Amino acid sequence: MRRGELGDLTLFSGRYWCDYATDPRGPLSWRFKGGAGSGALGDVGSHVIDAAEYVAGPIASVSGATLSTQIPKRPLPLGAVVGHNAAPVSDEFGEVENEDTASFTARFESGLVGTFSVTRTGFGLPNGLAFDVLGVGGRAAFDQHRPAEYLFDDAQPDVRTRGARQIIAGPQLPYFAGGVPMEAPGVGASNADNFTYQARAFLDQVAGVAEPLPACASFAEGLRTMEIIRAIVESSQAGGAAVTVPPAV
């Protein structure tokens, strides 16, 4: 894409749809505490926001934000809750303090428009991080549920053979080496692999490796994502009004 395969970009559409909170008997853990923006938006939305800026550049403003809660009360746990796991619960219920679902529109500094939706109550979607990038000359799409492939479409010379095609991830892609269990086409990366890859990228930076992996996210980049989330919350509280995001440092 950085080499112009898609032409001028026309739309980025990102989503992170998960199902870990679909059960209304799920315990009222810390994930359901905190103010607006600390629910699905902060938990999974932060990741798709980060992916969007990596792919399409800095976000300049957000608008049309809507936050909603589908399950307003959840049973109190009888003990500690680990991660997204189920746990024994009592008959007493507490209020959910943040959002189950959020959607918004973004304007990138380049002028590109982006649409986003995130949820933790998306039935049947265990880890649905996905995005589509559209341009005047092609399009590309990725879905974390199919981590060993992505879709690509461009203007083939013969109209009879045009259409989206499946690209199998393999050694022909950058950053593939050393990041998957086997360096062979079709081997996808799990979350555990990706965290190991992240650790390797950090060590590459420390060691000054000549051809390092992409730099690990900094605290400044984490803060920027939080500033974008704050702007989304402000937009939702203002009836969807446009809110400017502080410039990227």
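No experiment lies behind these values; they were computed from the predicted model shown.
Checked by atom type, the side-chain pair Ser13/Thr115 shows a donor-acceptor distance below 3.5 Å. Side chain to side chain, Asp143 and Tyr150 fail the donor-acceptor criterion of an N or O pair below 3.5 Å. In summary, the side chains of Thr119 and Thr101 do present a donor paired with an acceptor at a separation below 3.5 Å, with no hydrogens or angles considered. If you check the side chains of Ser68 and Gln70, you find a donor sitting under 3.5 Å from an acceptor.
When all heavy atoms of Ile168 and Pro185 are compared, the closest pair comes out as CG2-C, 3.9 Å. Residues Asn98 and Ser38 approach most closely at ND2-OG, 3.1 Å, considering heavy atoms. Listed here is the closest heavy atom pair of Ala184 and Pro171: C-CD, 4.4 Å. When all heavy atoms of Ala65 and Ile232 are compared, the pair lying nearest together is CB-O, 3.3 Å.
Using the six-membered ring where Trp is involved, Phe12 and Phe108 have ring planes that are perpendicular, over 60° apart on the 30 and 60° scheme.
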Quick one: side chains of residues 220-228, donor-acceptor pairs under 3.5 Å with protein atoms, not counting sequence neighbours, listed by atom name and distance.
| residue | atom | partner | partner atom | Å |
| --- | --- | --- | --- | --- |
| Glu221 | OE1 | Ser218 | N | 2.7 |
| Glu221 | OE1 | Ser218 | OG | 3.4 |
| Arg224 | NE | Glu53 | OE1 | 3.0 |
| Arg224 | NE | Glu53 | OE2 | 3.1 |
| Arg224 | NH1 | Pro246 | O | 2.7 |
| Arg224 | NH2 | Glu53 | OE2 | 2.8 |
| Arg224 | NH2 | Ile59 | O | 2.8 |
| Thr225 | OG1 | Glu221 | O | 3.3 |

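When the side-chain contact (heavy atoms from CB on, under 4.5 Å) test is applied to Ala238, the partners found at least two apart in sequence or on another chain are Ala241. Annotation: ring pair (Phe, Tyr, Trp, His ring centres under 6.0 Å) contacts of Tyr20 (sequence neighbours excluded): His84. Every side chain to side chain donor-acceptor pair (under 3.5 Å) that Glu149 has, sequence neighbours left out, goes to Arg146, Gln166. Every residue meeting the side-chain contact (heavy atoms from CB on, under 4.5 Å) condition with Gln198, not counting sequence neighbours, appears here in chain and number order: Phe195, Cys216. Under the salt bridge (Lys or Arg N to Asp or Glu O under 4.0 Å) criterion, Arg74 pairs with no residue, sequence neighbours left out. For Glu97, the side-chain contact (heavy atoms from CB on, under 4.5 Å) test picks out Lys33, with sequence neighbours left out. Listed by chain and number, the residues in a salt bridge (Lys or Arg N to Asp or Glu O under 4.0 Å) with Asp153 are Arg139 (sequence neighbours excluded). In this view, Asp50 satisfies the salt bridge (Lys or Arg N to Asp or Glu O under 4.0 Å) rule with no residue, not counting sequence neighbours.
No donor-acceptor pair under 3.5 Å is formed between the side chain of His145 and the backbone N or O of Leu125. The closest donor-acceptor contact from the side chain of Glu99 to the backbone of Leu41 lies under 3.5 Å.
Screening residues 158-176 for salt bridge (Lys or Arg N to Asp or Glu O under 4.0 Å), with sequence neighbours left out, gives Asp154-Arg165, Asp158-Arg160. Applying the salt bridge (Lys or Arg N to Asp or Glu O under 4.0 Å) test to pairs two or more places apart or on separate chains, none has a residue in residues 239-249. Identified under the salt bridge (Lys or Arg N to Asp or Glu O under 4.0 Å) test for residues 7-23, with sequence neighbours left out: Arg15-Asp132.
Taking OH from Tyr16 and OG from Ser46, the interatomic distance works out to 9.0 Å, rounded to the nearest 0.5 Å. Atom CD1 in Ile167 sits 8.5 Å away from atom CG in Leu151 (nearest 0.5 Å). Between the CG atom of Leu134 and the OG1 atom of Thr10 there is a distance of 5.0 Å, given to the nearest 0.5 Å.
One finds no salt bridge joining Asp43 and Arg120 here, because no Lys/Arg side-chain nitrogen approaches an Asp/Glu carboxylate oxygen to under 4.0 Å.
The number of heavy-atom neighbours closer than 6.0 Å to CZ of Phe202, taken from other residues, nucleotides and ligands shown, is 12 or below.
No path of Ile, Leu, Val, Met, Phe, Trp and Tyr side chains, each step under 4.5 Å between heavy atoms, connects Val96 with Val233, placing them in separate hydrophobic clusters. In the hydrophobic clustering of ILVMFWY residues, with side-chain heavy atoms under 4.5 Å counting as a link, Leu129 and Leu173 come out together.
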For Leu76 and Val89: C-alpha separation, side-chain torsions, deciding distance, then whether side chain to side chain contact (heavy atoms under 4.5 Å, CB included) applies. CA-CA 6 Å; Leu76 301 182; Val89 295; over 6 Å; no

